[in-house]
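These notes concern the structure reproduced below.
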There are 2 protein chains.
Amino acid sequence: MPSPPPFHKQLEHALAKKEIIILLATCSIDYNGRAQSSLASGDRLLIIKPDGTLLVHQPTGNVPINYMKEGTHIHITAQPNVWLLHAHHPKNQEFMTIELTRIYHLYTQQVHDGEKIILHGHEKDMSDMLYAQPDLIEPGLRAVSREEKTEFGFIDVLCYDQHNNLVIIECKRNQADFKAVEQLQRYVEKVKQSKGITNVRGILASPSISANAKTFLEQLGYQHVAINPPHFKEQHRKNQKKIGEY
Amino acid sequence: MPSPPPFHKQLEHALAKKEIIILLATCSIDYNGRAQSSLASGDRLLIIKPDGTLLVHQPTGNVPINYMKEGTHIHITAQPNVWLLHAHHPKNQEFMTIELTRIYHLYTQQVHDGEKIILHGHEKDMSDMLYAQPDLIEPGLRAVSREEKTEFGFIDVLCYDQHNNLVIIECKRNQADFKAVEQLQRYVEKVKQSKGITNVRGILASPSISANAKTFLEQLGYQHVAINPPHFKEQHRKNQKKIGEY
DNA sequence: GGGGAGAGATGCCGC
DNA sequence: GCGGCATTTCTCCCC
């Protein structure tokens, strides 16, 4: 029975055929590009995708410890006791060198997946809700526009109140912070300036706001309205049910 | 020769022994937690780490299409034609169900890696440089403090100029945007207020700034100074050399 | 644990 | 391509 081709030949073959490559190995890593990094030797999981994505995962943590994005050119060279995996992203001017000293496992395969994820519960769902039902914010509000583009950014929801003051609403699906207040401030000030009016109100709609951000908000003369993103409670109830199902 | 244990037994064993688990399979996925998502059937790479991290990768892209963070409890159940992988993160109140219909490949192993990455070229390197050499910004500047905490955030570098005006410097290692200008504005206004003085200057130090952000900055009476993060040119030179080496 | 801010942020959509 | 901005942002640091 003929022996299998050497590791680097297998890898080259998989790269050429644009297979997904799963490699568990002891390696050290150097990166040079938008920043510089070095990582001493350890056991890691390397993933090379058909689109030229390279991910390096340690045994813990959510995020790859090193990575190269789609469009990376990869090649491997065999040396007496190590393999050198060179990764180069021409457009981003990024380079990575992985020195492999021990190969635990290599698997490669053609994969097919054309499906896209369907995601709900993001901020747009919240601004959709407030555009459809502005009285969740305050009785008498009339919604005028959504995602209105200004020179200084996009206004989530624009309304008039019952006294015909313009009302600018900025939504956050999570707790609001300084940045959210500043976004609101930027839109309000810009609209006042460009329309030459002063009766413009600013409302920050979010489930909560940090104490400091609230102080800041109120100093600027704006309001916070506590609003949960849509289906927040239903979602929680579903979770509770699922606990029972387990 | 005895046949190997069924897939779900192998997986249970690996979970119990806290091995890293690499699984290439056809699956569909539902997630419920901070948001809700569903993903129809396709070929994906699943990774389960010893710390309870679960990653789902499609054949393209940098980022996992679905994930559960460290601390996730995972168990698997076998049904007539499918396996159900249940993932539950108690603290985050998150749930994921993965329906596996075809197993291409399963590999599990103990892994060891205690190494930490060494990273250079981040923003702190830049504020360190400006604290040490404030005259890179403007002749006659005297640095007073770094990372100074205020009620409204942290000031990167605080200086006095040759006319004894207080100068607040905000650093960005990349192109500055609206948010950077607003951060600077917040610090300057807060310092003016808390110290009861008006001669406070604001300087944004970054390699570049977007046109709109620059307009905004100047309307507020602040300045932009073009500064590259340290070793930027050296880094580029290194890259150039590496191109030659290839 | 919360707050504040950077990140080799990433990804999406707009122009 | 850049710009503006949300992200199941993530991660780190400091209180």
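Protein chains get the first letters and strands the later ones, always in sequence-line order, with residue 1 at the start of each.
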Closest-nucleotide ordering on DNA chain C, the 5'-leading residue of A:A211 and A:N92: A:A211
Most 5' of B:L119 and A:D177 on DNA chain C, judged by nearest nucleotide: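 Its nearest nucleotide being more 5', the pick is A:D177.
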B:N62/A:E70 under side-chain contact (heavy atoms from CB on, under 4.5 Å): CA gap, chis, key distance, verdict: CA-CA 7 Å; B:N62 209 36; A:E70 174 181 349; over 6 Å; no
Residue A:V63, side-chain heavy atoms: nucleotide from C:dG1, C:dG6, D:dT11 that is nearest: D:dT11
Nucleotide of C:dA5, C:dG8, D:dG4 approaching A:N66 most closely (side-chain heavy atoms):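 Minimum distance to the A:N66 side chain belongs to C:dG8.
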Under 3.5 Å: donor-acceptor pair, side chain of B:K172, backbone of B:A205: no
hbond_proxy A:Q175 side chain to C:dG2 base (donor-acceptor, 3.5 Å cutoff): no
Stepwise side-chain contact (heavy atoms from CB on, under 4.5 Å) test for B:H86 and B:I74: CA-CA 6 Å; B:H86 298 276; B:I74 295 169; over 6 Å; no
Closest-nucleotide ordering on DNA chain D, the 5'-leading residue of A:R173 and A:F152: A:F152
Residue whose closest nucleotide on DNA chain D lies nearer the 5' end, A:I155 versus A:N174: A:I155
Atom C1', compared across D:dT7 and C:dA5: separation rounded to whole Å: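 Those two atoms are separated by 16 Å.
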Pair A:F95 and A:Y31, ring centroids less than 6.0 Å apart: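 Not close enough - the centres of the two rings lie 6.0 Å or further apart.
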Sugar-phosphate, base or nothing in reach of A:E170, heavy atoms under 4.0 Å: sugar-phosphate
Integer-rounded Å distance: D:dT11 C1' and A:Q58 CD: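 In whole Å, D:dT11 C1' and A:Q58 CD are 14 Å from each other.
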